[in-house]
Amino acid sequence: MEIWTQRKLGQKLQRQGDHRTPFQRDKARILHSAAFRRLQAKTQVLGVGMSDFYRTRLTHSLEASQIGQGIAAQLRSKYPELTQHLDLNDTLIEALCLAHDIGHPPYGHGGEVALHYMMRNHGGFEGNGQTFRIVTKLEPYTAEHGMNLSRRTLLGLIKYPNFIAALNQAPQQAESLAHREVNASQWHPPKGLYECDRAAFTWLFEAFSSNDTQTFMAFKSNGKNHHKTQYKSFDCSIMELADDIAYGIHDLEDAIVMGIVNQSQFEQEVAEPLLKLDIDWMNHNIMHLSKKLFSQHHHERKDAIGALVNCFITNIEILETTPQFEQDLLKYNSVFPAPFHKALSLFKSYVYNRVIRKPEIQVLEYKGQQIVMELFQAFASDPQRLLPDNTRLRWSEANDMGNGHRVIADYISGMTDGFAAKLYTSLFLPSSAAVGEKMI
C-alpha cells in the first residue's frame, strides 16, 4: 500500500535511472549514515579495544540483519499466502536490523544509565528512543527530518510505542547525587520515546485508526518497575527475534573464546535445563553441540553456533497475537512457540549472568558511566564555551525552546567509546597531549 512507503518530506529528489524500491532507499540511508558507522567503535558485550576479535555494535547489527533475512525466508516458505498478504519484505527487515541499535550510546548500558540520570529532569534518555530521534530528526540526510524514512520502516523501528514520561513508574529523585553514588540499578530508563519527538510519532500514526493508535500505545504496570508497552508491529517482531538470537547465540561465542565461560558450567546452566523443555531437536543434539561449542577447533564451534541459530530460526511462527487491531501489521506478530521462547531465554540469561554481570565487565561499564556523566556535566555547565561549533548552534536553538539539554545528550550519545575517552582526557587531564585537539 502506498501509505506505507510515504515519507514525511515526500520523495522530491528523482535520480535518473534509479529503480530502487522505497525500502532499498531506506536501507541505503541507514547503511551510509554516520550513526551506523559509529557502531564499529561502540561496545556490544565485551569492551571495544579488548580484542580485535570481539563483536561490536556494528558486527552484532550485521549478524542480526543476516538472521532477520533468514527468518523472512523461513516465514515465506511456511506461510506463503499470509506473508504475501502482509507484504513481507526482506530488504525492509534487513534495514530494521541494521538500524535497531544506532541510538545506543558509548559504553553500552553504562552510558545509557549515565545519560538517563543526567537527563532525569529533561525528558530522560533511552537507546531505542534515541534511534527514533536519529532517523526522524538528527541524521543530516535532510535539513529537519533526519533520514526521512518511509512510514513502514519507522513503524518497524518502534519497539516501545509510548513516551518515557508516561512509562516512568514513579518520580525519581530530582536532587543531584555525586556521580560515583549513582546506582545503575535505580536509573535504568523506561523503554520508550521522547516527548520532544511526538510530532514524528503523530505523523507516523496518521496511517492508523484512533482505536488502533490508542491500543498500540497501551502499557501495563510492572510492580515497582517502569511501565511496559505491550505491542509491536509485525516487522518489528521479526527484527526483535533476530536481535535476541544474535545476542543469545552469537554473543556467547565471544565469551567462549575469551574463556569467561566453560563447558561444565554451560551444560549445568543451559544444556541440562534445555533437556527439561522436551524439544526433540535439543534432546538429540544439545550435549553434542556443547562439546563442539567448547572445542579447540574453531570450525567445530562455528558449526555448533550455526546449528543453534538455524534451530531457532526454523521454529518461528506467525500468529494473530492481537485480533483486536484493525490493521493487520499490528494484528500479526512473529513469535517462538513457548518451549523455544524458554530455550532462547536460557541462552540470553546465561550471557547476561555469566558475561555481562561479570565484575570485570561491570567495572568497564561503570567507568564508562562515570566518563559520560562527567562529559555531560562539563558541557551543560558552559555549552557556549565547550560545545563544537555545529552542536553549539543546535544547542542555542533548542535552548530557546527549553530543550538545550537534549542536544547535549544527542552529542554525547553519538560518540564512540574511544572518542568519549579521548575527550574526557582532553577536558580533565591537563598533562595529556590530547589537549587542544579538535573535538570532532
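The basis for the numbers below is simple: all heavy atoms, side chains too, and nothing from hydrogens, waters or symmetry mates.
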Which pairs would a plain distance check flag for residues 304-319, meaning a side-chain donor or acceptor within less than 3.5 Å of a matching protein atom at least two apart in sequence or in another chain?
unit_1: T314; atom_1: OG1; unit_2: N310; atom_2: O; d: 2.7
unit_1: T314; atom_1: OG1; unit_2: C311; atom_2: O; d: 3.2
unit_1: N315; atom_1: ND2; unit_2: C311; atom_2: O; d: 2.7

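Applying the side-chain hydrogen bond (donor to acceptor under 3.5 Å, both in side chains) test to pairs two or more places apart or on separate chains, those with a residue in residues 256-267 are N262-S264, Q263-E267, Q265-Y350, E267-S290.
Summarising the geometry, atom CD belonging to Q40 is positioned 10.5 Å from atom CG belonging to L62; distances are rounded to the nearest 0.5 Å. Considering CG of D278 and CG of N283, their distance stands at 5.0 Å, rounded to 0.5 Å.
Remark: R394 does not engage E397 in a salt bridge, criterion side-chain N to carboxylate O under 4.0 Å. Classification of D197 and K137 as a salt-bridged pair fails, no side-chain N sitting under 4.0 Å from a carboxylate O. R76 and D90 are joined by a salt bridge, as a carboxylate oxygen and a charged side-chain nitrogen come within less than 4.0 angstrom of each other.
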For this session: Go through the steps for H298 and R301 under the test side chain to side chain contact (heavy atoms under 4.5 Å, CB included), then give the verdict.
Result: CA-CA 5 Å; H298 288 199; R301 185 176 66 249; 3.6 Å; yes

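Taking the six-membered ring wherever Trp is involved, the centroid distance between the rings of H100 and H60 falls below 6.0 Å.
In this structure, the side chain of D26 engages the main chain of S150 through a donor-acceptor pair within 3.5 Å. Checked by atom type and distance alone, the side chain of S426 pairs as donor or acceptor with a backbone atom of K422 at under 3.5 Å.
By the ring-ring contact (aromatic ring centres under 6.0 Å, His included) test, H227 pairs with F219, sequence neighbours left out.
Two residues are said to be in side-chain contact when any heavy atoms from C-beta on lie closer than 4.5 Å; R120 and W187 meet this criterion.
Between Q130 and Y194, the side chains place a donor N or O and an acceptor N or O closer than 3.5 Å (distance only, hydrogens not considered).
Residue Q384 qualifies as enclosed at atom CD: its count of foreign heavy atoms under 6.0 Å is above 12.
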